[in-house]
Asker: 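Just dropping this structure here.
We count residues from 1, following the sequence as given. One-based numbering, in listed order, for ligands and for the atoms of each.
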Amino acid sequence: MKNSYKRNICVRGPEDFLSLEVKEAPTYAAGKAGIAAAMKHSFKEMGVVRAMRTLMQMNQKDGFDCPSCAWPDPEEPSKLGEYCENGAKALADEATLSHINHRFFAQNSVEELSLKTDYQINAYGRITEPLFLDEGEIHYKPISWGRAYKIIAEELRNLEHPNEAIFYTSGRSSNEAAFLYGMFARALGTNNMPDCSNLCHESSGVALSETLGIGKGSVKLEDLYGAEVVIVAGQNPGTNHPRMLSALEKCKQNGGVVISINPLQEAGLVHFRNPQTAKGLLGSGTAIADYHLPVRINQDIPLMKVILKKLAQLDALDASVFDHDFLDTYVDGKEKLLNNLEQYATTDLLALCGVKESIINQVVSILAKKQKIVVCWAMGLTQHKNGVETIKEYVNLLLLKGAVGRPFAGTCPVRGHSNVQGDRSVGIMHYVNKEFNDRIQKHLGFQAPEKEGVDVVGSIKAMHDGKASVFMALGGNFLMAASDTDYTAEALQKCSLTIQVSTKLNRSHLVTGKKALLLPTYGRSEKERGGGQNNFVTTENSMGRVRWSKGVLKAPSNTLESEVAIVTGIARAYFKDGHTVDWKSLGEDYNKIRELIDKVVKGFENTSQKSKGVGYYLPNNVRDLDFSRLPGGKAQLSITGLPDHNLAEDEFMLMTIRSHDQFNTTIYGMDDRYRGVFNERRVLFMHPKDVDKLGLEKGAIVHLSSLYDNQLRRANNFKIVPYQIPEGDVAAYFPETNGLVPYNHYADKSKTPISKSVRIRVIK
Ligand SMILES: Nc1nc2c(c(=O)[nH]1)N[C@H]1C(S)=C(S)[C@@H](COP(=O)(O)OP(=O)(O)OC[C@H]3O[C@@H](n4cnc5c(=O)[nH]c(N)nc54)[C@H](O)[C@@H]3O)O[C@H]1N2
Ligand SMILES: Nc1nc2c(c(=O)[nH]1)N[C@H]1C(S)=C(S)[C@@H](COP(=O)(O)OP(=O)(O)OC[C@H]3O[C@@H](n4cnc5c(=O)[nH]c(N)nc54)[C@H](O)[C@@H]3O)O[C@H]1N2
Ligand code: SF4
Ligand SMILES: [Mo]
């Protein structure tokens with residue numbers, strides 16, 4: 001597609017095939033194969049000695065935080081190693097010895113690079129110097145840091161209003177960098193701070209804030225160990241949060257029951273071979289899920305309604321199933337909810353969710369007797385039109401059982417990016433919080449803007465409509481992570497300047513504005529240079545615990561800058577050192593940033609001593625059973641509706657999911673070992689009966705289309721993989737399928753795109 005600046009960019013990259021091999025999916029996760037896969041990647045990218053030495057520092061108290069997912073570390077990490085296969089892959093990907101600089105870009109234009117696959121693009125390696133793509137050019141050229149900051153400052157000064165600038169954050173930034181970045185956006189005068197969490201757990205944030213008064217989960221790692229029941233809904237921990245399986249194993253050893261609610265029976269939830277134990281390495285490992293409820297895509301609400309109805313029927317006999325004392329003291333809406341449930345006929349709900357009543361009855365009889373219940377979830381619940389309501393329906397179960405704010409019970413939205421939660425805690429948000437703004441005024445001396453900014457969907461629209469023209473990203477791959485790839489590309493290409501602070505090359509560096517800056521930075525595993533000894537960073541895990549992260553590796557070149565230095569460099573160029581904030585000294589001493597975080601960010605207040613030290617937990621009102629922020633000072637039960645997709649006869653419901661060999665848009669490899677798929681990502685998982693019905697067979701080539709608001713979207717070339725998935729449902733990997741997800745269809749209230757329930761047609 002030619003854009004207005006005459007660059008001939010292939011937005012999505014090639015849609016070609018490799019050579020698919022389908023094998024029987026394994027019935028267990030990790031074990032020896034996991035260790036082998038981890039070591040293969042690490043040794044190839046990093047060299048043996050460097051890899052082993054670095055891995056032994058990952059997730060250790062004095063080491064660095066794993067850059068992959070946000071699963072918490074145990075308080076006493078094992079000295080033998082506290083990481084998993086995918087943590088090792090993330091480290092290898094970041095600490096790779098492959099590097100690229102201006103010579104690479106002199107040989108490869110952005111037009112040529114755009115013809116490569118995302119896998120190939122990432123494999124070129126680490127970017128080692130700042131680069132500039134000027135108007136009309138197709139080759140990035142080297143640029144000095146000073147000149148880069150000047151270009152940004154000039155472009156920002158030329159805007160008619162600060163709201164024409166957008167500041168995106170991905171969840172790998174440190175608390176320190178994210179805090180300064182958010183403060184710079186506000187000092188400039190905008191709340192345009194879209195964040196990867198808009199595409200991710202925003203629905204959890206909204207649902208939990210409205211029901212429990214805090215947008216985060218309430219459980220700690222130890223709560224999982226002692227829970228009587230853990231429900232894992234819409235989450236694939238074996239791939240995306242592998243060390244969660246060790247926690248589930250502990251829970252099982254303590255007599256807990258694990259229930260999986262998922263259209264797919266994911267390998268990690270069937271069996272886990274713990275690589276840290278002899279039994280895991282040599283024996284059969286631990287069976288994890290006691291019950292698997294193969295719910296149809298986006299039919300969790302009907303499923304939960306049947307479960308709640310059946311529990312209510314049991315409770316009506318002797319009032320022993322629900323915790324009435326807890327409900328009377330802390331919760332609002334019991335009668336209304338119980339009355340509402342009566343409206344629904346069990347047979348209708350069963351037909352919708354597709355789960356056999358016999359399994360539901362078994363699960364109900366367990367839930368009836370237990371109170372220490374934890375619900376864990378991820379993208380399978382959040383990325384639907386009714387994502388917020390779906391989560392509220394699970395919260396209903398917890399509240400009715402009194403399974404909130406007590407040891408071994410509560411909510412566990414399992415976060416994705418390693419510091420996505422921290423970035424939000426320290427102020428990356430497009431909303432306005434008056435108390436927060438007051439503290440900014442008090443401690444930083446400027447008035448933060450009072451108009452709400454744009455989130456991811458709002459940013460795409462603003463750029464598309466010409467209302468924003470400077471786009472900056474602190475990490476991430478906005479183009480490929482957002483929905484509606486072609487539309488998002490057009491939006492970015494309308495900008496006058498796009499700025500990417502990145503470690504590795506990705507498509508967002510090729511699909512750019514008129515001018516583009518590519519600013520390379522350190523990875524989590526690397527030492528922060530400059531300033532004093534104290535320039536380590538901090539991160540917050542999925543359970544609200546803050547830890548320090550001290551990188552150990554030497555950066556791939558001495559022409560990189562830290563994210564903190566880049567943000568302060570831009571701020572200084574823009575304000576020319578005439579601002580109430582002393583950006584220079586903050587950039588030199590991270591302790592000063594932490595002191596400001598303590599003061600400005602509620603929750604960190606009075607914890608400044610601790611925030612400089614080893615991990616501590618942020619306050620959490622649910623753990624204290626304090627619902628004073630909610631109406632009537634009570635936790636809220638919710639009345640939800642049923643999903644309504646109106647699928648036509650020939651339509652399927654598509655969920656766009658991750659393979660075992662990727663981290664979001666970063667493709668590590670072409671296999672999805674746990675689903676038995678090798679050497680191909682362009683696959684469509686489909687029930688064997690549907691495969692027959694369409695007259696297809698394994699390996700047959702199909703194309704996919706979606707039709708929303710009379711607009712047809714298409715993704716070509718997928719091979720059929722017959723798979724145990726509910727009839728009528730299909731699955732394929734993201735980001736290859738993002739072009740099918742309409743940017744303007746998203747979850748009510750949270751605006752998270754509907755990436756897990758896209759209506760599609762399969763074209764032969
Ligand atoms: N290795 C690795 N680790 C990662 C990531 C990665 O890409 N690679 N990404 C990180 C990030 S940012 C995130 S947010 C997390 C994502 O972690 P997950 O949410 O586990 O990732 P997905 O692959 O999107 O898987 C969603 C799961 O939900 C199920 N599902 C889909 N629709 C429904 C539904 O309607 N109902 C129910 N009950 N289940 C459903 C799918 O079958 C799948 O098992 O992982 C983080 N960790
Ligand atoms: N269809 C569909 N779309 C989805 C999803 C889905 O399930 N289905 N999931 C969504 C979710 S949950 C999320 S969180 C988003 C992810 O969206 P993003 O966070 O935007 O995407 P990533 O792929 O994680 O970003 C990878 C890039 O980050 C850069 N990077 C890596 N480490 C660092 C670092 O330490 N510092 C800096 N500055 N840069 C770094 C590298 O250049 C790398 O290429 O995607 C969303 N998109
Ligand atoms: S579970 Fe997540 S944080 Fe822990 S080592 Fe694995 S990828 Fe890293
Ligand atoms: Mo995410």
Asker: Can Lys550 be said to sit on top of Phe64's aromatic six-ring, NZ or CZ under 6.0 Å from centre and within 45° of the ring axis?
Answerer: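 Ring-cation test returns no.
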Asker: Does an N or O from Glu94, backbone or side chain, lie closer than 3.5 Å to an N or O of ligand 2?
Answerer: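 No, since none of the N or O atoms of Glu94 sits under 3.5 Å from an N or O of ligand 2.
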Asker: Is a salt bridge present between Glu540 and Lys216, judged by a nitrogen-to-oxygen distance below 4.0 Å?
Answerer: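 Looking at Lys216 together with Glu540, the answer is yes, because their closest N to O distance falls below 4.0 Å.
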Asker: Is NZ or CZ of Arg658 both nearer than 6.0 Å to the six-membered ring centre of Tyr733 and within 45° of the ring axis?
Answerer: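 Because its charged atom misses either the 6.0 Å distance or the 45° angle limit, Arg658 does not stack over Tyr733.
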Asker: Counting each atom of ligand 2 from 1 as listed, which ones have a heavy atom of Cys200 under 4.0 Å away?
Answerer: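 Taking each heavy atom of Cys200 in turn, ligand 2 has 12 (S), 14 (S) under 4.0 Å.
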Asker: Provide, to 0.1 Å, the distance between atom 1 (S) of ligand 3 and the closest protein heavy atom, together with that atom's residue and name.
Answerer: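 Residue, atom and distance for the closest contact: Arg243 N, 3.4 Å.
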Asker: Quick one: does His201 get a heavy atom under 4.0 Å from ligand 2?
Answerer: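 Contact check His201 vs ligand 2: negative.
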Asker: What about Val501: any of its N or O atoms under 3.5 Å from an N or O on ligand 2?
Answerer: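 Between Val501 and ligand 2, an N or O pair is found under 3.5 Å apart.
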Asker: Compare Thr752, Asn738, Asp118, Asn122 and give the one whose heavy atom is closest to atom 1 (N) of ligand 2.
Answerer: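 Among Thr752, Asn738, Asp118, Asn122, the closest heavy atom to atom 1 (N) of ligand 2 belongs to Asn738.
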Asker: Do me a favour and list the nearest non-hydrogen protein atom to atom 4 (C) of ligand 2 with residue, atom name and distance?
Answerer: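 Protein heavy atom at minimum distance: Phe734 CE1, 3.2 Å.
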Asker: Could you tell me, atom by atom, which parts of ligand 2 come under 4.0 Å of a heavy atom of Gly475?
Answerer: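 Listed by number with element, the hits are 37 (C), 38 (N), 39 (N).
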Asker: Using the rule given for side-chain contact (heavy atoms from CB on, under 4.5 Å), can you reason through Asp73 versus Leu221, listing the C-alpha separation, both sets of side-chain angles and the distance that settles it, and then say yes or no?
Answerer: CA-CA 8 Å; Asp73 313 313; Leu221 192 50; over 6 Å; no
Asker: Quick check with a 6.0 Å cut-off and a 45 degree axis cone: is Arg172 positioned over the face of Phe663's six-membered ring?
Answerer: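 Output yes; distance and angle both within limits.
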Asker: With heavy atoms of Ser68 as the reference, note each atom of ligand 3 found under 4.0 Å away.
Answerer: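 In order of numbering, the contacting atoms are 7 (S).
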Asker: Nearest non-hydrogen atom to atom 15 (C) of ligand 2 belongs to which of Ala482, Ser508, Ala481?
Answerer: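 Among Ala482, Ser508, Ala481, the closest heavy atom to atom 15 (C) of ligand 2 comes from Ala481.
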Asker: Just by modelled atom types, is the Gly513 backbone N or O under 3.5 Å from a matching donor or acceptor in the Thr498 side chain?
Answerer: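 Yes.
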Asker: Around Tyr119, counting heavy atoms of other residues, nucleotides and ligands shown, do more than 12 lie under 6.0 Å from its OH?
Answerer: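 Counting neighbours around OH of Tyr119, 12 or fewer heavy atoms of other residues, nucleotides or ligands fall under 6.0 Å, so no.
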Asker: Identify, by atom number and element, the atoms of ligand 2 in contact range of Met379, meaning under 4.0 Å from any of its heavy atoms.
Answerer: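 What qualifies from ligand 2 is 12 (S).
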Asker: Any chance you could lay out the ring-ring contact (aromatic ring centres under 6.0 Å, His included) test for Tyr140 and Phe132, step after step, and finish with the verdict?
Answerer: CA-CA 5 Å; Tyr140 273 103; Phe132 181 49; 8.4 Å; no
Asker: Taking atom 16 (C) of ligand 2 as the point of reference, which of Leu654, Asn664, Val420 owns the nearest heavy atom?
Answerer: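 Ranked by closest heavy atom to atom 16 (C) of ligand 2, first place is Asn664.
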Asker: Check Gln500 against ligand 2 and report side chain, backbone, both or neither, counting heavy atoms closer than 4.0 Å.
Answerer: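 Neither; nothing of Gln500 gets under 4.0 Å from ligand 2.
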Asker: Give a yes or no on whether the backbone of Asp672 and the side-chain of Asp661 come within a donor-acceptor separation of less than 3.5 Å.
Answerer: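 Pair absent, no side-chain N/O of Asp661 close to backbone of Asp672.
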Asker: Can you report which non-hydrogen protein atom sits closest to atom 26 (C) of ligand 2, along with the distance?
Answerer: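 It is Thr666 OG1, 3.9 Å.
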Asker: Cation-pi between Lys89 and Tyr668: NZ/CZ under 6.0 Å from ring centre and within 45° of the ring axis?
Answerer: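 Geometry flag: not set, cation outside 6.0 Å or 45°.
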Asker: How far is atom 20 (O) of ligand 2 from its nearest protein heavy atom, and which residue and atom name does that atom have?
Answerer: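 Going atom by atom, the protein heavy atom closest to atom 20 (O) of ligand 2 ends up being Tyr168 OH, 2.6 Å.
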Asker: For the residue pair His417 / Ser170, report whether a side-chain donor-acceptor contact shorter than 3.5 Å exists.
Answerer: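 Indeed, the side chains of Ser170 and His417 share at least one donor-acceptor pair under 3.5 Å.
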Asker: Using heavy-atom distances only, which candidate in Cys84, Pro237, Gly416, Ser542 approaches atom 5 (S) of ligand 3 most closely?
Answerer: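 The residue whose heavy atom sits nearest atom 5 (S) of ligand 3 is Cys84.
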Asker: Return the minimal non-hydrogen interatomic distance between Trp548 and Lys61, and the atom names on each side.
Answerer: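 Where Trp548 meets Lys61 most closely, the heavy atoms are NE1-O, 2.6 Å.
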Asker: Going by distance only, is there an N or O of Thr665 that falls short of 3.5 Å from an N or O of ligand 2?
Answerer: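 Indeed, backbone or side chain, Thr665 has an N or O that close.
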Asker: So which heavy atom in the protein is nearest atom 3 (S) of ligand 3, and how far is it from that ligand atom?
Answerer: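 Here the nearest protein heavy atom works out to Cys69 O, 3.3 Å.
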Asker: To check you understand the geometry: which heavy-atom pair defines the closest contact between Pro413 and His201, and what is its length?
Answerer: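 So the minimum-distance heavy-atom pair works out to CB-CE1, 3.8 Å.
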Asker: At less than 4.0 angstrom from any non-hydrogen atom of Ser170, what atoms of ligand 2 do you find?
Answerer: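 The atoms of ligand 2 under 4.0 Å from a heavy atom of Ser170 are 18 (P), 19 (O).
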Asker: Please determine if Lys504 has a nitrogen or oxygen closer than 3.5 Å to a nitrogen or oxygen of ligand 2.
Answerer: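 Yes; at least one N/O pair falls below 3.5 Å.
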Asker: Is the closest basic N to carboxylate O distance between Glu526 and Arg126 below 4.0 Å?
Answerer: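 Salt bridge: yes.
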Asker: Answer with yes or no whether Lys756 contacts ligand 2, where contact means a heavy atom under 4.0 Å from a ligand atom.
Answerer: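 It does, in that a heavy atom of Lys756 comes within the 4.0 Å cut-off of ligand 2.
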Asker: Could an N or O of ligand 2 be found under 3.5 Å from any N or O of Thr503, whether backbone or side chain?
Answerer: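 For ligand 2, there is an N or O atom that lies under 3.5 Å from one belonging to Thr503.
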Asker: Determine, step by step, whether Phe167 and Phe471 satisfy the ring-ring contact (aromatic ring centres under 6.0 Å, His included) criterion, reporting the C-alpha distance in whole Å, the side-chain angles of both residues, the deciding distance to 0.1 Å, and the verdict.
Answerer: CA-CA 6 Å; Phe167 296 92; Phe471 174 87; 9.1 Å; no
Asker: What are the atoms of ligand 2, with element, lying closer than 4.0 Å to any heavy atom of Asn506?
Answerer: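 Atoms satisfying the 4.0 Å criterion: 27 (C), 42 (O), 43 (C), 44 (O).
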Asker: Name the closest protein heavy atom to atom 9 (N) of ligand 2, giving the residue it belongs to and the distance to 0.1 Å.
Answerer: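 Going atom by atom, the protein heavy atom closest to atom 9 (N) of ligand 2 ends up being Arg658 NH2, 3.2 Å.
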Asker: Give the residue, atom name and distance (to 0.1 Å) of the protein heavy atom nearest atom 36 (N) of ligand 2.
Answerer: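 So the nearest neighbour among protein heavy atoms is Glu563 OE2, 2.9 Å.
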Asker: If you measure every N or O of Cys196 against every N or O of ligand 2, does any of those distances drop under 3.5 Å?
Answerer: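 Min N/O separation from ligand 2 is not below 3.5 Å for Cys196.
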Asker: Relative to the heavy atoms of Ser755, which atoms of ligand 2 are at a distance of less than 4.0 Å?
Answerer: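 Once the distances to Ser755 are compared, the set is 1 (N), 2 (C), 3 (N), 8 (N).
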Asker: Ignoring hydrogens and geometry, is there a side-chain-to-backbone donor-acceptor pair from Asp223 to Lys220 under 3.5 Å?
Answerer: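 Yes; at least one donor-acceptor contact below 3.5 Å.
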Asker: Quick one: which ligand 3 atoms are inside 4.0 Å of a heavy atom on Cys66?
Answerer: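 Answer for ligand 3: 3 (S), 5 (S), 7 (S), 8 (Fe).
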Asker: Heavy atoms only: which of Ser483, Ser173, Gly476 lies closest to atom 25 (O) of ligand 2?
Answerer: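 The nearest heavy atom belongs to Gly476.
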Asker: Would the number of heavy atoms belonging to other residues, nucleotides or ligands and lying under 6.0 Å from NZ of Lys504 be above 12?
Answerer: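 Yes, NZ of Lys504 has more than 12 neighbouring heavy atoms, counting only those of other groups under 6.0 Å.
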Asker: More than 12 heavy atoms of other residues, nucleotides or ligands under 6.0 Å from NZ of Lys461: is that the case?
Answerer: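 Counting other residues, nucleotides and ligands, NZ of Lys461 stays at 12 neighbours or fewer.
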Asker: Taking 4.0 angstrom as the limit and counting only heavy atoms of Thr521, give me the atoms of ligand 2 inside it, by number and element.
Answerer: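 With Thr521 as reference, the close atoms of ligand 2 come out as 36 (N), 37 (C), 38 (N).
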Asker: What part of Asp73 sits under 4.0 Å from ligand 3 if we count only heavy atoms: the side chain, the backbone, both or neither?
Answerer: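 None of Asp73 does.
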